[in-house]
Engineer: 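Got a structure here, written out as structure tokens. Questions coming.
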Amino acid sequence: MLTHCRAIKFGSLADVYIANNILRDYTKCKNLDIACKLFDEMPKRDSVSWNTMISGFINLGNLDIGWDYLKSMKRFGFYADEYTFGSVLKGVASACRYVLGQQMHGMIVKMGYEGNVYVGSPLVDMYAKCGNGDDAYAVFCSMESRNWVTYNALTDWFVQIGDHRNAFWLLHCMDDQGLKPDEGTVAPLLTLLDDGKFYKVAMQMHGKVIKHGLALWNNVCNATITSYSECGSLEDAKRAFEGSIGIRDLVTWNAMLGAYLVHGKEELAFILFLDMQRHGFEPDIYTYTSIIKACYEKKHKHHGKSLHGVVIKRGLETSTPVSNALISMYLKFDNKSMEDAENIFHSLESKDRVSWNSILTGYSQYGFSENSLKLFGHMRTLLVEIDQYAFSSVLRSCSDLAALQLGQQVHGVAIKSGFESNDFVASSLIFMYSKCGVIEDAQKSFDDTPKESSITWNSITFGYAQHGQGSVALDLFSQMMEKNVNPDHITFVALLTACSHIGLVEQGLSFLNSMEPVYGIPPRMEHYSCAVDLFGRAGYLDKAKALVESMPFQPDAMVLKTLLGACRACGDIDLATQVATHLLEVEPEEHCTYVILSNMYGHLKKWDEKASLTKLMRENKVKKVPGWSWIEVKNEIHSFMAGDWSHPHSQQIYQMLGALTDEILLLDSDDTPPLSHEVCSNSLSATVLEEVMLGIAALAYTIWPDFAKYIPDSCMSCQSDTAMKTAVRVLGDLTDTSVNNASFLIHQTPSCKELLNECLLSEDQHHEVELSQGGGAS
């Protein structure tokens with residue numbers, strides 16, 4: 001401004017050189033209003049004046065105004081030069097205006113600048129940033145001379161598309177031409193080295209960095225740390241970080257923080273987080289989201305809560321990425337932290353898809369299925385964009401509730417949104433239909449998928465395995481291999497489950513033993529758990545025990561619970577006591593262990609041991625979680641448990657229950673074992689029976705008189721589960737019309753699940769009875 005005043009005072013604005021210098025200063029200071037006024041008042045202008053205005057607007061992102069100055073420049077008789085083209089091409093590249101770039105290319109050729117390296121280089125960069133690598137490569141090949149800017153522009157394109165071969169070929173060409181790479185060359189190349197197989201290349205690149213004196217550049221140092229980390233060498237990454245003293249910026253600290261987290265060194269990450277602040281670096285949003293992810297394990301819950309406090313103190317709770325990370329952290333802890341996640345979600349003003357999907361997934365994973373369905377409906381009301389993750393979560397909730405009609409509605413929305421062929425959505429649809437007992441619709445959903453990945457194959461295999469059709473599940477695996485679809489660890493969980501359900505012990509063991517040598521998949525905890533279940537169901541308790549003892553790692557609670565279940569099935573109270581003792585050390589608050597062991601003591605009439613276990617439960621403040629049941633009738637879900645009076649029609653339902661009980665007693669005869677005897681023989685407690693009867697009574701009351709009379713005699717011929725069958729028969733006898741889409745959803749023992757398959761009537765009978773598990777333990 002002072003220079004401008006002096007120029008006006010001494011009348012030197014008539015000198016175009018002085019005027020251009022003042023004009024350049026204004027554009028550099030981003031004061032374009034005064035620059036425009038000065039430009040209009042200049043008595044003389046040259047190409048430098050025009051180029052200054054064009055570059056000034058383009059540097060501020062105003063390409064359209066810069067383009068207008070270019071057209072005016074031509075009207076006033078000035079021709080564009082290499083500087084003009086360089087500035088305009090830079091703006092076109094930033095705005096990704098491909099058509100405008102092609103016009104510039106035509107102008108360049110027309111004016112004979114296509115061989116100019118200072119025009120060719122930004123032209124290559126423009127095509128690359130507009131996503132047209134072929135044109136960028138064609139311009140590159142047509143250039144007679146190239147500089148490091150040319151090579152860097154094309155290298156960036158190859159890095160962007162992940163083309164390792166051509167990116168490093170360009171580096172070799174630079175060496176052959178005698179051009180020294182700069183930080184803009186090596187930093188992008190280092191980002192390509194993100195796998196263990198590139199470790200040696202990363203070391204060579206690091207050597208080149210040191211050779212050319214580029215190690216002191218921030219972006220090169222940061223890329224080196226990340227590259228070593230992703231290549232699997234935390235030690236080399238740490239050495240690169242320690243060698244960066246004096247040049248570290250916030251990105252350097254974040255890169256090392258990310259390296260520790262990638263390698264599971266959460267404690268070191270916490271220390272680094274404190275060190276960076278001691279060195280005067282204020283964490284940014286990326287820092288907080290990264291360090292919060294380090295608290296996903298329950299053992300770091302205290303650190304996570306402390307970080308939440310720091311976030312609030314720094315005023316970052318309004319940041320959507322930080323709040324999303326906190327929501328995910330609380331959801332990773334356990335279902336008791338669900339309320340904390342909800343509070344963050346509801347207090348977040350600006351929610352994105354990650355926010356909605358996170359809380360929706362939390363509801364689904366922890367069994368808050370009704371909340372999940374309500375939230376999904378709220379998302380649709382607010383016109384929130386629903387993606388494959390949201391569909392997968394809500395379909396899982398439909399599966400947990402066995403809410404077939406709701407699941408079908410979500411299926412319709414998925415089709416309308418174009419997600420029905422997505423692997424994750426299709427997998428969830430298959431699981432939902434199979435969980436609701438409609439394996440035919442699960443098969444139809446599978447048939448409509450591309451079948452290119454193992455995701456949908458795993459779901460349909462699980463579906464048939466859980467429906468007791470293990471042979472079909474094994475056939476699917478054979479088809480999967482024929483189509484060259486690579487199995488994953490989930491595939492083998494499904495296969496082992498199928499073998500377990502149909503008693504193919506040798507086949508299941510063969511799958512387990514072939515996982516690593518044949519398919520390169522090391523067995524995980526869940527595979528051993530399935531194998532223990534396989535042996536337990538077949539009565540080979542010794543083999544189950546030997547397998548657990550031979551595991552390459554310590555068994556977790558899941559494996560031990562499976563072994564405990566095998567002990568119960570085989571009646572081995574001594575081994576069950578050992579396993580339960582270990583389980584209670586690992587999970588002292590888990591009620592299932594107490595219940596299973598207590599039932600075994602009671603069955604063997606070991607009343608002292610049973611009393612001691614009950615006392616231990618009281619001392620540890622462990623309460624048995626009651627089982628609960630639900631019914632979906634006319635698209636409405638009714639839930640209840642034994643002795644429950646919360647239903648608005650509970651009085652009428654209990655009256656119906658009384659009527660059904662009286663009828664069952666009247667039907668008791670010599671060829672049908674007494675009800676009380678059958679209950680005891682099937683380990684069905686009176687509480688569970690009441691839940692079963694409540695379910696039937698509630699259904700009868702809700703849809704009365706629309707319940708089917710006809711229940712085929714084939715469903716009643718088996719002597720097992722007499723109480724359940726008699727109840728169904730009584731309800732059929734008490735009514736005389738048909739039912740449409742009525743569902744029994746009763747929390748019950750595995751034998752009653754098998755009853756479902758017996759009670760599924762043929763198509764001409766048009767009657768559907770569906771049975772699945774509710775929450776809690778019986």
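In this chain, residues are counted from 1 in sequence order.
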Engineer: Test your reading of the model: is there a side-chain donor-acceptor pair from H411 to the backbone of L429, 3.5 Å cut-off?
Structural biologist: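 Absent.
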
Engineer: Just to verify, what does S459 make a side-chain hydrogen bond (donor to acceptor under 3.5 Å, both in side chains) with, not counting sequence neighbours?
Structural biologist: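 Result, side-chain hydrogen bond (donor to acceptor under 3.5 Å, both in side chains) vs S459: S427.
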
Engineer: Do side-chain atoms of T381 reach the backbone of G377 as a donor and acceptor pair under 3.5 angstrom?
Structural biologist: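 Yes: the side chain of T381 pairs with the backbone of G377.
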
Engineer: Show every side chain to side chain donor-acceptor pair (under 3.5 Å) that has at least one partner inside residues 483-496, sequence neighbours left out.
Structural biologist: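 Of all non-adjacent pairs touching residues 483-496, those that pass side chain to side chain donor-acceptor pair (under 3.5 Å) are S454-D488, N458-D488, N458-T491, D488-T491, H489-R524.
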
Engineer: Give the minimum heavy-atom separation between A325 and I292, together with the two atoms involved.
Structural biologist: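 Closest approach of A325 to I292, heavy atoms only: O-CG2, 3.5 Å.
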
Engineer: Taking side-chain hydrogen bond (donor to acceptor under 3.5 Å, both in side chains) as the test, write out the residues that go with D423, two or more places apart.
Structural biologist: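 Checked D423 against side-chain hydrogen bond (donor to acceptor under 3.5 Å, both in side chains); matches are S453.
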
Engineer: Under the side chain to side chain contact (heavy atoms under 4.5 Å, CB included) test, which residues partner A442, sequence neighbours left out?
Structural biologist: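 Once residues adjacent in sequence are excluded, the partners of A442 under the side chain to side chain contact (heavy atoms under 4.5 Å, CB included) criterion are I430, Y433, S434, I439, I460.
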
Engineer: Only counting residues at least two apart or in another chain, list the ones meeting side chain to side chain contact (heavy atoms under 4.5 Å, CB included) with S355.
Structural biologist: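 With sequence neighbours excluded, S355 shows a side chain to side chain contact (heavy atoms under 4.5 Å, CB included) to T320, N324, F345, L348, K351, D352, given in chain and number order.
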
Engineer: Could you pull out all residues at least two apart from E385 that satisfy salt bridge (charged side-chain N to carboxylate O under 4.0 Å, His left out)?
Structural biologist: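 In terms of salt bridge (charged side-chain N to carboxylate O under 4.0 Å, His left out), with neighbours along the sequence ignored, E385 is linked to R353.
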
Engineer: Under a 4.5 Å cut-off applied to non-hydrogen side-chain atoms, are F376 and I386 in contact?
Structural biologist: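 Result yes, sub-4.5 Å side-chain heavy-atom pair found.
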
Engineer: How are the rings of F424 and Y389 set relative to one another: parallel (under 30°), tilted (30 to 60°) or perpendicular (over 60°)?
Structural biologist: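 F424 vs Y389 ring planes: tilted.
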
Engineer: Looking only at the aromatic ring of each residue, does the gap between the centers of F477 and W457 stay below 6.0 angstrom?
Structural biologist: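 When the ring centroids of W457 and F477 are compared, they turn out to be at least 6.0 Å apart.
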
Engineer: Quick check against the 3.5 Å criterion: does S227 have a side-chain atom that pairs as donor or acceptor with the backbone of L193?
Structural biologist: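 Checked: pair present.
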
Engineer: Take atom NZ in K332; do more than 12 heavy atoms of anything else shown fall under 6.0 Å from it?
Structural biologist: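 Not buried by this count: 12 neighbours or fewer within 6.0 Å.
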
Engineer: For residues 528-541, which residue pairs qualify under salt bridge (charged side-chain N to carboxylate O under 4.0 Å, His left out), counting only residues two or more places apart or in two chains?
Structural biologist: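 Found D533-R537.
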
Engineer: Sequence neighbours excluded, which residues qualify as side chain to side chain contact (heavy atoms under 4.5 Å, CB included) partners of V493?
Structural biologist: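 F462, T497, E526, H527, C530.
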
Engineer: Considering residues, nucleotides and ligands other than Y540, do more than 12 of their heavy atoms fall under 6.0 Å from its OH?
Structural biologist: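 At most 12 heavy atoms, drawn from other residues, nucleotides or ligands, come within 6.0 Å of this atom.
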
Engineer: Excluding sequence neighbours, so at least two apart, what forms side-chain hydrogen bond (donor to acceptor under 3.5 Å, both in side chains) with Y199?
Structural biologist: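 Listed in chain order: D236.
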
Engineer: Only pairs under 3.5 Å count here: list side-chain donor-acceptor contacts from residues 514-521, not counting sequence neighbours, and write none if there are none.
Structural biologist:
{"residue": "S514", "atom": "OG", "partner": "S510", "partner atom": "O", "Å": "3.0"}
{"residue": "S514", "atom": "OG", "partner": "F511", "partner atom": "O", "Å": "3.1"}

Engineer: Does a side chain donor of either S529 or T562 reach within less than 3.5 Å of an acceptor in the other side chain?
Structural biologist: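 T562 and S529 do have a side-chain donor-acceptor pair below 3.5 Å.
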
Engineer: Could you check whether D475 and Q479, counting side-chain N and O atoms only, form a donor-acceptor pair closer than 3.5 Å?
Structural biologist: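 Distance-only check fails for Q479 and D475.
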
Engineer: Begin with the C-alpha distance, continue with both residues' side-chain angles, and end with the deciding distance and a verdict on side-chain contact (heavy atoms from CB on, under 4.5 Å) for M551 and M525.
Structural biologist: CA-CA 9 Å; M551 287 171 56; M525 201 72 74; 3.5 Å; yes

Engineer: If we ignore hydrogens and angles and just use 3.5 Å, is the side chain of H501 paired with the main-chain N or O of A465 as donor and acceptor?
Structural biologist: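 Yes: the side chain of H501 pairs with the backbone of A465.
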
Engineer: Look at K299 together with E266 and state whether they make a salt bridge at an N to O cut-off of under 4.0 Å.
Structural biologist: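 Looking at E266 together with K299, the answer is no, because their closest N to O distance does not fall below 4.0 Å.
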
Engineer: For K293 and T289, indicate whether the former's side chain and the latter's backbone hold a donor-acceptor pair under 3.5 Å.
Structural biologist: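 Not a single qualifying donor-acceptor pair exists.
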
Engineer: Tell me, please, which residues at least two apart from K301 pass side chain to side chain contact (heavy atoms under 4.5 Å, CB included).
Structural biologist: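 Residues passing side chain to side chain contact (heavy atoms under 4.5 Å, CB included) with K301: K305, F333, D334, S337.
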
Engineer: Sequence neighbours excluded, which residues qualify as side-chain hydrogen bond (donor to acceptor under 3.5 Å, both in side chains) partners of Y228?
Structural biologist: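 Y228 satisfies side-chain hydrogen bond (donor to acceptor under 3.5 Å, both in side chains) with H206 once adjacent residues are dropped.
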
